[in-house]
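Below is one structure; the comments refer to it alone.
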Amino acid sequence: MTAPWPSLAGARRAGSRLAVGALLVALAACGPAEPRARELRQMSGTYLFNISASDLPPHAREGILYKIVVRDKESRQPIENGEGQLFASNRDGAQTWDGMRKGQEIGTYYAKLNYVTAGQWAVAIRFRRDSTHKLERIDWMQDVLNARDSTVSP
C-alpha cells in the first residue's frame with residue numbers, strides 16, 4: 001500500500017527547491033544594484049575625510065570638482081568653519097591647487113583641480129579647524145587619464 005502523499009524526505013527536497021527558486025525570483029525582481037559612488041576615506045590625527053570627485057578617474061585638462069566632508073575623528077561631528085587647501089603635483093614638477101570653500105552642507109568643502117598632464121599625481125589636503133589649530137595633512141596617489149579628444153569628426 002502506498003501513501004497518497006510524498007515521503008517526508010521527498011517533501012523536504014521539494015520544499016528546499018521551492019525556497020531556493022523563490023529566493024532567486026525575489027533577487028532577480030530587485031534589479032541590478034545601483035553603483036556606489038566612489039569615495040576615498042582618509043584620516044589624519046584629528047580628522048576623518050570623505051573625498052569624492054566629479055569624474056573618477058579624472059582626465060587631464062578638465063576641471064575636477066572635489067567634495068570633501070570633514071569630521072572630528074573622536075566625536076564624528078562635522079567641522080563647520082575649517083580652513084584648507086587641496087593640492088597636487090606630478091614627477092615632472094607640474095602643480096595644481098585650490099583653497100577649500102565651505103559648502104551648504106555642514107562639514108562639507110569644495111575645491112577644484114585641473115591636472116595638466118596624464119599620469120600619476122601626488123594629491124594632498126592640508127586642513128585645520130581654525131587658525132588656532134595646527135594644519136594636518138593627508139596624501140594619496142591619483143591616476144589621471146589622457147585628455148579627451150576635443151576634435152569633432154565630420
Side-chain angles (χ1 to χ4, degrees), residues 15-154:
S16 295
R17 282 188 224 123
L18 182 61
V20 169
L23 179 61
L24 291 174
V25 169
L27 288 173
C30 291
E34 290 294 319
R36 291 185 61 190
R38 295 184 200 174
E39 186 175 77
L40 176 65
R41 294 181 179 165
Q42 295 271 23
M43 75 174 83
S44 66
T46 308
Y47 309 111
L48 299 172
F49 298 88
N50 288 28
I51 305 154
S52 56
S54 59
D55 190 20
L56 282 178
H59 288 265
R61 304 207 174 272
E62 291 181 13
I64 307 300
L65 181 64
Y66 285 86
K67 176 182 176 182
I68 304 140
V69 178
V70 186
R71 296 184 183 278
D72 182 87
K73 189 174 174 181
E74 288 184 22
S75 70
R76 304 280 197 242
Q77 294 300 310
I79 306 298
E80 291 189 53
N81 296 308
E83 332 177 314
Q85 182 184 46
L86 176 65
F87 57 101
S89 62
N90 69 5
R91 290 181 191 249
D92 298 327
Q95 298 180 356
T96 183
W97 65 89
D98 193 16
M100 292 168 51
R101 292 171 297 288
K102 185 177 173 183
Q104 289 184 347
E105 308 93 343
I106 295 174
T108 302
Y109 302 85
Y110 293 89
K112 194 173 195 176
L113 294 183
N114 189 340
Y115 301 99
V116 294
T117 62
Q120 195 168 59
W121 286 70
V123 184
I125 291 176
R126 287 189 286 235
F127 186 84
R128 62 184 174 189
R129 181 180 308 267
D130 58 41
S131 62
T132 65
H133 290 82
K134 69 177 187 164
L135 282 168
E136 295 186 30
R137 180 175 165 157
I138 59 168
D139 300 87
W140 71 93
M141 297 304 291
Q142 178 67 63
D143 288 326
V144 176
L145 303 176
N146 289 325
R148 297 179 214 242
D149 187 11
S150 60
T151 60
V152 179
S153 300

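Since the model is a prediction, treat every value here as computed from it, not as a measurement. As a basis for the values below, the full set of heavy atoms in this structure was taken, side chains included, without hydrogen atoms, waters or symmetry mates.
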Return the CD1 to CG distance between Ile106 and Asn81, rounded to the nearest 0.5 Å. 10.0 Å
Hey, are the side chains of Val69 and Glu105 touching, using non-hydrogen atoms and a 4.5 Å cut-off? no
Atom pair CD/CG of Gln42 and Leu48 - distance to nearest 0.5 Å: 10.5 Å
Tell me the closest heavy-atom pair linking Ala111 and Gly99, and the distance in Å. CB-O, 3.8 Å
Closest approach of Ala94 and Trp121, non-hydrogen atoms and distance? O-CZ3, 3.5 Å
Atom CG in Asn114, atom NE2 in His59: separation rounded to 0.5 Å? 13.0 Å
For the residue pair Trp97 and Gln85, what are the closest heavy atoms and their distance? CD1-NE2, 3.6 Å
Does some side-chain heavy atom of Lys67 sit less than 4.5 Å from a side-chain heavy atom of Tyr110? yes
Pairing residues for Tyr109 by the side-chain hydrogen bond (donor to acceptor under 3.5 Å, both in side chains) criterion, not counting sequence neighbours: none
Do Arg38 and Pro57 touch side chain to side chain, with heavy atoms closer than 4.5 Å? yes
Working note: Ile51 + Trp140, criterion side-chain contact (heavy atoms from CB on, under 4.5 Å); need CA distance, chi angles, decisive distance, verdict. CA-CA 11 Å; Ile51 305 154; Trp140 71 93; 3.7 Å; yes
Any donor-acceptor pair under 3.5 Å linking the side-chain atoms of Thr117 with those of Asn90? yes
Check Glu136 against Gly45 and note the closest heavy-atom contact, atom names and distance. OE1-N, 3.1 Å
Which atoms form the tightest heavy-atom contact between Ala53 and Ile64, and what is the distance? CB-CG2, 3.8 Å
Interatomic distance, CG@Asp55 vs CZ@Arg148, rounded to 0.5 Å, equals 4.5 Å
Can you confirm whether Arg129 sits close enough to Tyr47 that some side-chain heavy atom of one is under 4.5 Å from a side-chain heavy atom of the other? yes
Can you tell me how far the CD1 atom of Ile125 sits from the CG atom of Leu135, to the nearest 0.5 Å? 12.0 Å
Quick one: salt bridge (charged side-chain N to carboxylate O under 4.0 Å, His left out) partners of Arg128, sequence neighbours excluded? Glu83
Electrostatic pair Arg41:Glu39 at N-O distance under 4.0 angstrom: yes
What closest approach, in Å, do Gly107 and Pro78 show between heavy atoms, and which atom pair accounts for it? CA-CB, 3.8 Å
Non-hydrogen side-chain atoms of Gln142 and Leu113 separated by less than 4.5 Å: no
Has Asp98 got a side-chain atom pairing as donor or acceptor with Lys112's backbone, closer than 3.5 angstrom? yes
Taking side chain to side chain contact (heavy atoms under 4.5 Å, CB included) as the criterion, tell me which of Val70, Asp72, Ile79 meets it with Thr46. Asp72
Say you draw a straight line from OH of Tyr115 to CZ of Arg61; how long is it, rounded to the nearest 0.5 Å? 14.5 Å
